[in-house]
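Quick notes on the structure that follows.
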Amino acid sequence: MNQLQEQVKVGIADVAIAKSSQALITSGLGSCVGIILYDESLKIASMAHVMLPDSNMTRQSHFKKGKFADTGIDTCLNLLSEEGSQVFNMKAKMAGGAQMFKTTSSDKLNIGQKNVSAIEKKLSQLNIPIVAKDVGGHNGRSIEFDIETSQLKIRTVYQGVQYI
Amino acid sequence: MRDLLKLDDLHLDLLKEIGNIGAGNATTSLSNLLSIPIQMSVPTVNVISFEEIIELTGGPDEVKATTFVEFEGEFTGNMFFFISPEQADQFIQTLTQDAKQSILNEQNELAFSAFLELGNILTGSYLRALSDFLQINLYSLVPEATVDMAGAIMTEGLIETSVTSDYAIIIETVFQSDFFNEDINGHFFLLPDPNAFDKIFSQLGV
């Protein structure tokens, strides 16, 4: 990996855009999902660190758009559109959605799986293909998307590093 | 719903006192279980963003041994005990009287259950002191232990809060022991859900 590559960090419930020569990273994904929309021809990508499946859940009047699958993807899409990307040129990759604990509280049951399903549904409505994904399981993930190569690097505690 | 960012010093001091009472009881229990001296820090109360909460644990992808317990009753919330895996091993080896036990071996069920028991004692005695002090009924769900990225673990406790807020109140106590060759620092976090605060303050008459 190029040492000079600039890293754009995406915090929890945040959204960010980055260009060629940069990498989008987010760390410590448990039930959260890191979703990346990218345009290979323009060499741009946006990432959201999604916590919850649906913005209808919120009881806030203002909230961080990246927190929910639907508003997170809309924001990613808008950021790319502002840079001139067309929806039919966009592709997606994602990772996360683990079930860290066998929680018994019903609200939180399988929240990771619900996040993944909500993202898949939303992307299918938008006709954006999911090129690769690494979801589910019981372990945390840290991810890094290299815009130059469109490779998503995934690191876990026990399984080491893989690229999708 | 109470605006978490508008709590005054009296409220924050009361939450600190809750941390003191809970952690005081937990320290005694842990010390008795292991037959070693354990100290605790003065609890700190922070009203901070999710990002800052995860930084308290050492950073989002910092690898920690953790026990995690949800509790229910007249309000709900989460308790976490975070410690480095190497330091967790010191506790585990003391408890099992076996210097070969390590939680870094994913297959080691004995080490995991010893660590879980440790967390169980801590969280159980903390919660008991809390319910006695507030004179309300709180009971814990099944505790769990894991070794993983701190951010991935801590987020599980923020799900309920994230529906209503981008901030949470977290009460932190550091448990220390200089009994071992290296100093041990375990961080205990009480993370009440948003529904907790009105109940806590009304029980305390403020």
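Within every chain, numbering begins at 1; the chains are lettered A, B, ... in the order of the sequence lines, protein sequences first and strands thereafter.
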Under a 4.5 Å cutoff for heavy-atom pairs, which residue among B:A150, B:G151, B:P60 has the most contacts with chain A?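 Going by pairs under 4.5 Å, I would pick B:P60.
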
Heavy-atom closest contact ([X] atom, [Y] atom, distance):
X	Y	value
A:G28	B:T155	O-OG1, 4.3 Å
B:D148	A:V157	OD1-CG2, 3.5 Å
B:E156	A:S31	OE2-OG, 2.9 Å
B:M149	A:S142	SD-OG, 3.5 Å
B:D61	A:S27	OD2-OG, 3.5 Å

Reported CD-to-NZ distance for the pair B:E51 and A:K9, which is rounded to 0.5 angstrom: 10.0 Å

For A:K64 and B:D166, indicate whether the former's side chain and the latter's backbone hold a donor-acceptor pair under 3.5 Å. no

Portion of A:T156 that has a non-hydrogen atom of chain B nearer than 4.5 angstrom: backbone

Side chain from CB out, backbone as N, CA, C, O: work out which of these in A:I12 comes under 4.5 Å of a heavy atom of chain B, or both, or neither. both

Please flag which part of B:L104 lies under 4.5 Å from any non-hydrogen atom of chain A: side chain, backbone, both or neither. backbone

Go through the atoms of B:V63 and report whether side chain, backbone, both or neither lie under 4.5 Å from a heavy atom of chain A.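 Contact with chain A: side chain only.
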
Contact between A:M51 and B:F50 at the side-chain level, heavy atoms closer than 4.5 Å - yes or no?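 Of all side-chain heavy-atom pairs linking B:F50 with A:M51, at least one is under 4.5 Å.
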
Return each pair, listed once, that meets ring-ring contact (aromatic ring centres under 6.0 Å, His included) where at least one residue sits in residues 105-141 of chain B; pairs must be two or more places apart or across chains. B:Y126-B:F188

Hey, mind stepping through B:E70 and A:F101 against side chain to side chain contact (heavy atoms under 4.5 Å, CB included) and telling me if it holds? CA-CA 11 Å; B:E70 294 167 277; A:F101 300 106; over 6 Å; no

